[in-house]
Amino acid sequence: MLGFKTQVPSAAPAPAEPLCDAAAAVVAARKGMETPLTAVAEAFEELVRRMEADGGELRLGPFGDTCALVSVLFSCLGIAFRFAEIEYVAKVNDLIGAAKSYGTLNDILDKDIENDAVKKQGSHSRNLRRVRLGLGLIKALFEQFLSAEDCSLYDAATTAYGQVCAPFHSWAVRKAVGAGMYTLPTREQLIVRLNETDCSVQKEMRRYIDASSPIIDYIDNLFLSRNISLDW
């Protein structure tokens with residue numbers, strides 16, 4: 001769903017790849033302390049502060065740990081986003097593993113450029129691009145969700161998918177995703193799954209939108225500053 005090699009689903013989706021140990025530890029540490037949405041929003045706010053403290057450089061380890069938390073939000077969306085969750089977790093796990101060898105996001109992109117592997121299947125740079133699409137998909141969904149009090153989750157998700165991921169998908173995949181959207185929970189059910197209220201969910205979604213935006217922009221600029229387009 002995020003622009004990966006997505007297949008048209010014909011049966012129940014395969015079990016999601018578990019988060020690697022480092023990511024799972026981060027998620028476990030947050031459980032029971034905050035609502036999922038609050039945990040993600042606070043983590044991205046902290047990530048932005050760390051980036052600013054590091055002179056505008058984004059370190060790969062904290063980035064991967066923070067992105068791991070977003071898998072919980074995909075899970076709250078149910079089976080319609082199950083394939084996106086599976087792919088997203090796999091890409092995040094790869095980046096967390098890469099943090100053992102690379103210090104920053106700049107480092108992995110520079111190395112892949114050196115090896116002419118930026119867009120190669122399985123490369124860290126390609127996986128970074130896919131994780132960025134995942135962050136952008138959730139951000140766009142929240143923006144649509146908050147655009148009107150009567151905006152259904154179906155409408156919000158359909159519009160967000162059309163903006164962020166559909167341009168990279170074939171007609172068959174777009175059709176399958178469109179059919180899957182009908183299995184989304186209702187607006188009210190999502191709020192319950194997030195353990196929020198009508199009032200608090202708006203606040204926390206806006207926090208995620210505001211905190212994730214500079215991270216998304218930073219990743220986009222990593223590619224654009226090296227004359228690498230974002231149309232893939």
Side-chain angles (χ1 to χ4, degrees), residues 1-4 6 34-49 51 58 63 66-85 87-88 91-92 128-169 174 177-178 180-224 230-231:
M1 179 179 282
L2 302 179
F4 316 122
T6 311
E34 306 150 326
T35 67
L37 190 48
T38 300
V40 173
E42 288 186 350
F44 273 92
E45 289 170 348
E46 180 180 342
L47 186 64
V48 171
R49 288 192 293 269
M51 182 174 69
L58 191 52
F63 172 77
T66 300
C67 291
L69 294 169
V70 179
S71 66
V72 179
L73 301 183
F74 279 115
S75 179
C76 289
L77 294 169
I79 193 171
F81 279 75
R82 184 62 167 165
F83 291 96
E85 180 189 359
E87 296 285 357
Y88 179 84
K91 271 49 180 181
V92 170
L128 173 61
R129 173 72 182 140
R130 297 305 179 253
V131 169
R132 177 263 179 260
L133 288 178
L135 302 180
L137 179 61
I138 295 295
K139 175 176 176 283
L141 190 155
F142 286 176
E143 288 172 336
Q144 292 300 316
F145 190 88
L146 298 175
S147 64
E149 290 186 4
D150 60 348
C151 180
S152 68
L153 183 57
Y154 171 85
D155 289 338
T158 299
T159 301
Y161 170 76
Q163 292 175 346
V164 178
C165 299
F168 310 110
H169 286 174
R174 294 197 303 270
V177 171
M181 291 295 185
Y182 288 101
T183 68
L184 282 166
T186 65
R187 182 185 181 98
E188 294 73 21
Q189 287 171 335
L190 176 63
I191 293 174
V192 170
R193 290 184 184 186
L194 293 171
N195 197 25
E196 301 286 353
T197 65
D198 286 338
C199 182
S200 68
V201 76
Q202 295 184 41
K203 174 186 175 183
E204 299 306 327
M205 283 185 175
R206 292 191 189 283
R207 286 180 68 189
Y208 172 82
I209 292 168
D210 292 341
S212 65
S213 292
I215 301 300
I216 291 171
D217 291 343
Y218 177 88
I219 297 170
D220 286 349
N221 287 332
L222 284 182
F223 290 97
L224 294 174
L230 303 177
D231 57 348

Can you check side-chain contact (heavy atoms from CB on, under 4.5 Å) on Phe223 and Arg132, steps first, answer last?
CA-CA 12 Å; Phe223 290 97; Arg132 177 263 179 260; over 6 Å; no

Do Phe63 and Ile215 pass the side-chain contact (heavy atoms from CB on, under 4.5 Å) test, and can you show the C-alpha distance, the side-chain angles, and the key distance before you say yes or no?
CA-CA 9 Å; Phe63 172 77; Ile215 301 300; 3.8 Å; yes

Passes side-chain contact (heavy atoms from CB on, under 4.5 Å), Glu46 versus Thr66? Steps please.
CA-CA 9 Å; Glu46 180 180 342; Thr66 300; over 6 Å; no

Tell me, with the steps shown, if Arg129 and Leu230 meet side-chain contact (heavy atoms from CB on, under 4.5 Å).
CA-CA 8 Å; Arg129 173 72 182 140; Leu230 303 177; 3.7 Å; yes

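Residues passing the ring-ring contact (aromatic ring centres under 6.0 Å, His included) test with Phe142 are Tyr208, sequence neighbours excluded.
Inter-residue side-chain proximity for Gln144 and Leu141 is flagged as unmet; no heavy-atom pair is nearer than 4.5 Å. The shortest distance between side-chain heavy atoms of Phe81 and Ile138 does not fall below 4.5 Å. Taking 4.5 Å as the limit, every side-chain heavy atom of Ile219 sits out of range of all side-chain heavy atoms of Val131. Counting only heavy atoms from C-beta outward, the side chains of Leu37 and Val201 approach each other to under 4.5 Å. In this structure, Ile209 and Leu146 have side chains that are in contact, with non-hydrogen atoms separated by less than 4.5 Å.
Note: Arg206 CZ to Lys203 NZ = 12.5 Å, rounded to the nearest 0.5 Å. The structure places CE of Met181 at 7.0 Å from OH of Tyr161, a figure rounded to the nearest 0.5 Å. Annotation: the span from Gln202 atom CD to Phe145 atom CZ amounts to 8.0 Å, rounded to 0.5 Å. Summarising the geometry, atom CG belonging to Leu224 is positioned 9.0 Å from atom CG belonging to Leu222; distances are rounded to the nearest 0.5 Å.
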Enumerate, atom names and distances included, each donor-acceptor pair closer than 3.5 Å involving a side-chain atom of residues 192-199, sequence neighbours excluded.
from, atom 1, to, atom 2, distance (Å)
Arg193, NH1, Cys76, O, 2.9
Glu196, OE1, Ser200, OG, 2.6
Glu196, OE2, Thr35, OG1, 2.6
Thr197, OG1, Cys199, N, 3.4
Thr197, OG1, Ser200, N, 3.0
Thr197, OG1, Ser200, OG, 3.1

Could you go through residues 152-159 and list every donor-acceptor pair under 3.5 Å that involves a side-chain atom there, pairing it with any protein atom two or more places apart or in another chain?
from, atom 1, to, atom 2, distance (Å)
Ser152, OG, Asp155, N, 3.0
Ser152, OG, Asp155, OD2, 3.2
Tyr154, OH, Tyr182, OH, 3.3
Thr158, OG1, Tyr154, O, 2.7
Thr159, OG1, Asp155, O, 3.0

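A donor-acceptor contact shorter than 3.5 Å is absent between the side chain of Tyr88 and the backbone of Leu135. No donor-acceptor pair closer than 3.5 Å links the side chain of Ser75 to the backbone N or O of Ser71. For Arg207 (side chain) and Phe44 (main-chain N/O), no donor-acceptor pair under 3.5 Å exists by modelled atom type. At distances below 3.5 Å, at least one donor-acceptor pair connects side-chain atoms of Arg187 with backbone N or O atoms of Cys151.
Of all the heavy atoms in Ser213 and Lys139, the pair that sits closest is OG-CE, 2.8 Å. Here the shortest heavy-atom pairing between Pro185 and Leu190 reads CB-N, 4.3 Å. Taking every heavy atom of both residues into account, Ala39 and Leu69 meet most closely at O-CD1, 4.0 Å.
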